[in-house]
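Note that this is a predicted model, so its numbers are computed, not measured.
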Amino acid sequence: HVTGVQTCALPIWEVSITGTGELGAGVAGVVDVRGWGKLNGKWKFEFHDPYLKEWGGYIAIGYAWDVFVYSRSRELWRWDFPDKPSPSAMLASAGDEMNLGSFELRDRSYLSSPSYGVFNSSGHGLAHLAGAGDPANPAKLSVIQTNVYPRSEPVLASQGGVTLAVAVFDAPARSAVNRTLAVSSFFDGQNWSKPVPLGDDGTADFHPHVAVLPDGSAFAAWEDVATVLPDDAPLGEMVKRMEISVAVWNRATGAWAPALRLTQNGYMDRSPRIVGHSSGDLLVVWVANRGNDVLGGAAMPNTVMFSAWNGTRWSEPAVAAEVPWPIMGCGVEYRDGRAEIVLSVDATGAAGAMEGWELYRLTYADRVRLPLTRITHDEVIDQDPQLVSNAAGEWFLAWSRGGVLQVARNFDVAGAQVVDGGDSSGGRGPFHLAAEDRGRMALLWRQPGPNASDIHAAFYDPAFKTW
């Protein structure tokens with residue numbers, strides 16, 4: 001941004017230059033952490049000696065926490081030139097950073113763009129990966145929707161001839177704190193359907209998750225604030241009103257059935273995962289915290305909860321496990337009455353001690369729940385666990401171990417196969433694991449490259465049991 005200001009009384013020009021850059025990452029499926037940098041310079045000139053009348057500015061770096069529609073920023077280092085650089089603040093503890101009273105609503109400046117939320121029904125928006133790497137059959141990419149809500153959290157699922165995309169949309173007619181609406185769109189092979197809400201009750205929605213089954217039926221779960229909030233509501237008020245809602249899509253009618261709130265308890269319920277392989281047997285798993293602590297810990301432990309779908313109704317929410325550590329990630333799979341849950345937890349609870357992130361496994365089978373068991377024992381970060389299974393009874397766990405992408409078959413963590421060893425150019429972004437019943441799997445991830453970042457993929461050959 002460059003501005004020039006002329007003062008009429010005196011022949012003086014003032015020039016100002018400012019710039020901002022950001023780099024972010026997700027934590028625990030709820031919190032986004034952004035690092036930022038700012039540059040500001042100002043010069044005053046006059047048309048007689050000395051020509052440079054005044055100059056100065058600053059360079060600063062810092063970071064910000066984003067939780068739902070709220071944000072908190074902290075400056076770490078600043079140089080007010082021509083003076084000497086100096087630290088502005090020290091990195092605070094996680095508990096201090098998550099002081100909910102210090103967060104403010106994020107702005108909605110993106111709504112002013114004429115292209116905000118413009119929907120392109122004919123945009124394929126899907127990369128055909130069968131020919132990945134083949135110049136004669138390149139992936140086809142096109143825009144589905146322009147200038148979207150920055151934290152739109154898109155999810156894609158496809159099976160039984162049905163392809164479903166779900167995302168969070170900023171509904172411009174809503175107030176700022178209630179702005180987010182979970183919407184869905186179906187792809188018929190040529191066009192995307194007009195986005196429709198999963199359940200529009202006027203309250204804020206976050207972090208949707210979907211399951212599409214072999215018979216073409218579809219299910220969705222998401223975080224749903226219990227009541228419409230005033231715009232001066234603090235983050236803590238939203239956190240304690242966060243509940244879990246579900247909806248079932250009826251393929252015959254082509255519409256979502258009325259949404260159902262699984263929880264109505266007055267404390268935080270977050271990060272739902274809906275899994276299963278039969279339209280009459282599914283599971284929703286989520287994290288609850290009765291102390292309304294976003295990450296949880298020894299003083300305010302987390303509770304892993306679940307509810308089962310039997311084809312006609314959802315069961316009452318039940319406890320799967322009590323977890324006395326911050327839960328930084330969760331992988332869930334459910335098949336034929338057996339549920340597997342793998343958690344990435346911060347066993348130290350200390351800010352900056354990410355080497356304390358370890359994986360813990362919880363199994364529920366034949367109506368028997370096994371104890372929560374630690375399955376990694378190392379001095380590196382174990383994070384982002386994801387689970388899939390196939391009809392042959394094989395279970396696969398993928399996770400990032402110290403930046404190395406690994407997959408373990410039937411929870412043989414010691415014998416896990418390395419799929420990607422990382423990249424020295426800046427680190428890999430989030431990854432996604434997908435599978436089908438015949439045993440084929442795919443891993444996709446974002447990685448820095450010549451185009452700022454590129455999407456990479458690896459495929460599993462079930463015959464040779466290798467990536």
Side-chain angles (χ1 to χ4, degrees), residues 22 24-36 62-76 88-111 149-153 168-182 200-208 222-245 261 263-272 286-303 326-328 349 351:
E22 295 184 352
V27 177
V30 177
V31 181
D32 284 343
V33 182
R34 292 179 288 120
W36 54 259
Y63 64 97
W65 296 73
D66 297 326
V67 182
F68 303 122
V69 290
Y70 295 82
S71 182
R72 179 189 182 187
S73 184
R74 179 184 290 271
E75 187 177 274
L76 284 177
S88 297
M90 298 300 292
L91 184 65
S93 68
D96 177 61
E97 291 298 355
M98 296 310 297
N99 176 9
L100 303 187
S102 61
F103 283 75
E104 298 179 349
L105 283 173
R106 298 196 69 181
D107 70 59
R108 305 172 82 184
S109 57
Y110 46 83
L111 292 182
Y149 173 57
R151 302 186 70 198
S152 53
E153 302 155 8
V168 174
F169 176 70
D170 184 324
R174 290 189 179 188
S175 63
V177 72
N178 302 294
R179 73 184 81 173
T180 49
L181 176 65
D200 188 358
D201 57 5
T203 70
D205 304 329
F206 302 97
H207 301 109
W222 66 98
E223 298 163 351
D224 186 8
V225 177
T227 59
V228 175
L229 298 176
D231 263 357
D232 60 355
L235 173 57
E237 193 67 21
M238 175 176 282
V239 165
K240 72 181 184 182
R241 296 177 185 272
M242 195 66 65
E243 309 290 356
I244 302 298
S245 287
R261 279 216 181 97
T263 63
Q264 299 187 61
N265 49 35
Y267 53 80
M268 184 181 190
D269 298 278
R270 67 167 178 90
S271 306
W286 68 95
V287 177
N289 191 284
R290 290 174 173 81
N292 295 312
D293 190 307
V294 173
L295 298 180
M300 296 181 182
N302 291 302
T303 305
I327 296 177
M328 314 309 291

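At a threshold of 4.5 Å between non-hydrogen side-chain atoms, the residues Trp286 and Glu223 do not count as touching. Residues Val225 and Met242 meet the side-chain proximity criterion, which asks for heavy atoms closer than 4.5 Å. Side-chain contact between Tyr110 and Pro150: present, with at least one pair of heavy atoms (C-beta onward) separated by less than 4.5 Å. A 4.5 Å side-chain heavy-atom check between Ser73 and Tyr63 finds every atom pair outside the cut-off. For the pair Trp36/Glu75, a side-chain contact is recorded, criterion being any heavy-atom separation below 4.5 Å from C-beta on.
Counting only N and O atoms by type, the side chains of Thr303 and Asn289 include no donor and acceptor under 3.5 Å apart. Neither side chain, Trp65 nor Ser71, offers a donor N or O lying under 3.5 Å from an acceptor on the other.
Separating the OG1 atom in Thr180 from the CH2 atom in Trp222 is a distance of 12.5 Å, to the nearest 0.5 Å. The OG1 atom of Thr203 sits 8.5 Å away from atom CE of Met238, with the distance rounded to the nearest 0.5 Å. Summarising the geometry, atom CG belonging to Asn178 is positioned 7.0 Å from atom CG belonging to Asp231; distances are rounded to the nearest 0.5 Å. Between Arg72 atom CZ and Phe103 atom CZ the span is 6.5 Å, to the nearest 0.5 Å. For the atom pair CZ (Arg261) and CG (Asp201), the distance works out to 5.0 Å, reported to the nearest 0.5 Å.
In plain terms, the two heavy atoms of Ala298 and Pro301 that are nearest each other are O-CD, 3.8 Å. Contact between Arg108 and Ser175 at its shortest, heavy atoms only, is NH1-C, 3.6 Å. Shown here for Ile327 and Arg270, the closest heavy-atom pair between the two residues is O-NH2, 3.1 Å. Across Gly297 and Asn302, no two heavy atoms sit closer than the pair N-ND2, 4.4 Å. Among all heavy-atom pairs drawn from Pro208 and Glu153, the shortest one is CD-OE1, 3.8 Å.
Of the listed residues (Asn292, Val30, Asp293), just one forms a side-chain contact (heavy atoms from CB on, under 4.5 Å) with Val239, and that residue is Asn292.
Below 30°, between 30° and 60°, or above 60°: for Phe206 and Phe68 the angle between ring planes is between 30° and 60°, a tilted geometry.
Under a 3.5 Å cut-off, the side chain of Asp205 and the backbone N or O of Val168 do not form any donor-acceptor pair. In this structure, Asp224 contributes its side chain and Ser245 its backbone to no donor-acceptor pair below 3.5 Å.
Listed by chain and number, the residues in a salt bridge (charged side-chain N to carboxylate O under 4.0 Å, His left out) with Arg174 are Asp200 (sequence neighbours excluded). Applying the salt bridge (charged side-chain N to carboxylate O under 4.0 Å, His left out) rule to Asp66 yields the partners Arg34, Arg106; only residues at least two apart in sequence or on another chain are considered. In this structure, the ring-ring contact (aromatic ring centres under 6.0 Å, His included) partners of Phe169, at least two apart in sequence or on a different chain, are Tyr116.
Arg290 and Asp269 are not joined by a salt bridge, as no carboxylate oxygen comes within less than 4.0 angstrom of a charged side-chain nitrogen.
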- Message: Let's go through Leu105 and Val177 carefully: what are the C-alpha distance in whole Å and the side-chain angles of both, what is the deciding distance for side-chain contact (heavy atoms from CB on, under 4.5 Å) to 0.1 Å, and is it a yes or a no?
- Response: CA-CA 7 Å; Leu105 283 173; Val177 72; 4.0 Å; yes
